[in-house]
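Everything below concerns the one structure shown next.
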Amino acid sequence: MSKREEFIAIINALRTASTSITDEQRKGLLRLGVQQHSLTVEEASEILNSSGLVIGKQIDLFDVLGISISDVHNSDESTFASRIDAVHKKLYSASLTAGGRPRSDGRTEEQWRILLNQARDTLIDSQKRQSYLSTLQHKKRFTVNETSPPSLDNMVLIPAGEFEMGSNDEESFGDEHPIHNVFLDAFYIDQFPVTNAQYKEFIDENPQWSIHDIPKKYCDVDYLKHWQGSTYRKTEVDHPVINVSWYAAMAYAQWCGKRLPTEAEWEKAARGGVNGNKYPWGNVADSTKANYDWNVGGTSTVGEYPPNGYDLYDMCGNVWEWCLDAYHESIAMSSFPRNPISGANSIDWIFHHYLDVESNRVLRGGSWRIPASLIRIANRNAESPSFSLNVIGFRCVCAVSSLNLEPSSGIQSESSND
């Protein structure tokens, strides 16, 4: 198989999994074609343009042909197949007649005809259609409606700039090495971990994520195990929610119009504007500054301990916090020193495809159960995205660039010393 054929095979495999890609994914595929498959940019672009992949949100193949899903159930197999074929021929013929005029959806007519063929081939075959329907309906059920714009109440602005990520501590396991400079754009981060009361609001509006309805794929047997039935203990209203899987944390974040922090965002926020410290308060462990090593015997109310230099609470101790990234054995997991992300071409891809994620996700911050050496800022951990232990919680972020406003609302941070 030639290098060109190998690249086409990769594109075809990607198209089978999804009809759409993000712009960052497109750029990544172009780099792949040029750097690893010896293609010119023009050759790689031509292959992508003719593949039928669409840049943007996932395409509903029923919408492409203008057919309702209910039509599947209201027709026998032969009648439905005949209708698919007739609609396809009509739309395909209209596209040929249109020639080279630009389409309002941004596709060329050639790209549109490829998509029409894909819709016909998938929906006219009963087996392929059933598989596609199963995927489409499952994802629709477990996708939540995000609020827009997100509330910036109890969020802190972390200014754009460079900071030193990682450590060379003798207590580390090696995955914190090496210390390296990372530049992050400005972002907002929750001042506190998400609480039981906040998560209950999410469950009430999205019962598909309740302990009774969530599929086993998205959690383990410990999911919300600390709750009493469908709600939390009354004494723990302001405690961080625990026993929450990465998938569920992502769903909550989307519901809020936010997302989970990248590993780099989490570490910069935890450092509070000061490079090099082991802990948010300095280099010596202090049980009056955080909940760790069974000193309390369980989670504590959020905000009970002093904040760091960015006025953020519980960045170390109390609960481990989920991050967006896939775990990589080296902290310097990306060749891009600006807004790094591990496990995808872009943050946007993970945000829109998180239900397809299977690799281990990063955990940061330590918890109430572990010793001082493991609540250090740079310490890293990782678990399966379905893992739901009673020491795991999360907090959310949102990028300033996604808000279409100047970074002047929300809780303001102090000047950074990065």
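These numbers come from a predicted model, not from an experiment.
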For the residue pair [X] and [Y], what are the closest heavy atoms and their distance?
{"X": "S342", "Y": "I350", "result": "O-CD1, 4.5 Å"}
{"X": "A197", "Y": "Y232", "result": "CA-CE2, 3.7 Å"}
{"X": "L116", "Y": "V64", "result": "CD2-CG1, 3.8 Å"}
{"X": "V41", "Y": "L30", "result": "O-CD2, 4.4 Å"}
{"X": "E43", "Y": "R4", "result": "CB-NH1, 4.2 Å"}
{"X": "I214", "Y": "I211", "result": "CG2-O, 4.2 Å"}

When you look at I242 and V391, which way does the side-chain contact (heavy atoms from CB on, under 4.5 Å) test go after all the steps? CA-CA 6 Å; I242 52 176; V391 292; over 6 Å; no
Heavy-atom side-chain contact between [X] and [Y] under 4.5 Å:
{"X": "C323", "Y": "L363", "value": "no"}
{"X": "D85", "Y": "I124", "value": "yes"}
{"X": "L152", "Y": "C398", "value": "yes"}
{"X": "R259", "Y": "F351", "value": "yes"}
{"X": "V397", "Y": "D190", "value": "no"}
{"X": "I189", "Y": "L157", "value": "no"}
{"X": "Y310", "Y": "P159", "value": "yes"}
{"X": "L324", "Y": "I341", "value": "yes"}

Apply side-chain hydrogen bond (donor to acceptor under 3.5 Å, both in side chains) to N360 and S384, showing your working. CA-CA 4 Å; N360 285 358; S384 162; 4.9 Å; no
Could you measure the distance from the [atom1] atom of [X] to the [atom2] atom of [Y]? Nearest 0.5 Å is fine.
{"X": "I158", "Y": "R271", "atom1": "CD1", "atom2": "CZ", "result": "13.5 Å"}
{"X": "T122", "Y": "K128", "atom1": "OG1", "atom2": "NZ", "result": "6.5 Å"}
{"X": "F192", "Y": "N154", "atom1": "CZ", "atom2": "CG", "result": "5.5 Å"}
{"X": "M155", "Y": "C256", "atom1": "CE", "atom2": "SG", "result": "9.0 Å"}
{"X": "I47", "Y": "E5", "atom1": "CD1", "atom2": "CD", "result": "10.0 Å"}
{"X": "M250", "Y": "W322", "atom1": "CE", "atom2": "CH2", "result": "12.0 Å"}

If you measure only the distance, is there a donor-acceptor pair under 3.5 Å linking the side chains of [X] and [Y]?
{"X": "D185", "Y": "N339", "value": "yes"}
{"X": "Q191", "Y": "D311", "value": "yes"}
{"X": "Y327", "Y": "N381", "value": "no"}
{"X": "E176", "Y": "S167", "value": "yes"}
{"X": "T301", "Y": "D238", "value": "no"}
{"X": "S172", "Y": "H177", "value": "yes"}
{"X": "N291", "Y": "N318", "value": "yes"}

Taking [Y]'s backbone N and O only, do any of them form a donor-acceptor pair with [X]'s side chain (distance below 3.5 Å, no angle check)?
{"X": "N283", "Y": "K278", "answer": "yes"}
{"X": "R364", "Y": "I377", "answer": "yes"}
{"X": "S93", "Y": "K89", "answer": "no"}
{"X": "H328", "Y": "S330", "answer": "yes"}
{"X": "N308", "Y": "A270", "answer": "yes"}
{"X": "S245", "Y": "Y218", "answer": "yes"}
{"X": "R376", "Y": "S373", "answer": "yes"}
{"X": "N206", "Y": "Q208", "answer": "no"}
{"X": "Q198", "Y": "T195", "answer": "yes"}
{"X": "Y223", "Y": "W209", "answer": "yes"}

Below 4.0 angstrom, N of the basic side chain to O of the carboxylate: do [X] and [Y] qualify?
{"X": "K200", "Y": "D204", "value": "yes"}
{"X": "R361", "Y": "E383", "value": "no"}
{"X": "D314", "Y": "R395", "value": "no"}
{"X": "E162", "Y": "R338", "value": "no"}
{"X": "R233", "Y": "E236", "value": "yes"}

Test side-chain contact (heavy atoms from CB on, under 4.5 Å) applied to W266 and V362, step by step: CA-CA 10 Å; W266 187 95; V362 171; over 6 Å; no
Full working for side-chain contact (heavy atoms from CB on, under 4.5 Å) between R369 and L389: CA-CA 12 Å; R369 287 201 327 196; L389 197 62; 3.7 Å; yes
According to the interplanar angle, ranging from 0 to 90°, do the rings of Y199 and F202 count as parallel (below 30°), tilted (30 to 60°) or perpendicular (above 60°)?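 Rings of Y199 and F202: tilted, as their planes differ by 30° to 60°.
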Run the side-chain contact (heavy atoms from CB on, under 4.5 Å) test on V241 and L224 for me, step by step, so that the C-alpha distance in whole Å, both residues' side-chain angles and the decisive distance to 0.1 Å come before the verdict. CA-CA 8 Å; V241 65; L224 294 182; 4.2 Å; yes
After noting the C-alpha distance and the side-chain angles of H239 and N196, does the key distance pass the side-chain hydrogen bond (donor to acceptor under 3.5 Å, both in side chains) rule? CA-CA 6 Å; H239 283 233; N196 283 309; 5.9 Å; no
Kindly indicate, with the supporting measurements, whether the criterion ring pair (Phe, Tyr, Trp, His ring centres under 6.0 Å) is fulfilled by F163 and F183. CA-CA 7 Å; F163 80 106; F183 185 95; over 10 Å; no
So, for W112 and Y92, is the gap between ring centers shorter than 6.0 Å?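 No; Y92 has its ring centre 6.0 Å or more from that of W112.
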Please assess E109 against S95 for the test side-chain hydrogen bond (donor to acceptor under 3.5 Å, both in side chains), listing each intermediate value before the final yes or no. CA-CA 6 Å; E109 289 296 337; S95 179; 2.5 Å; yes
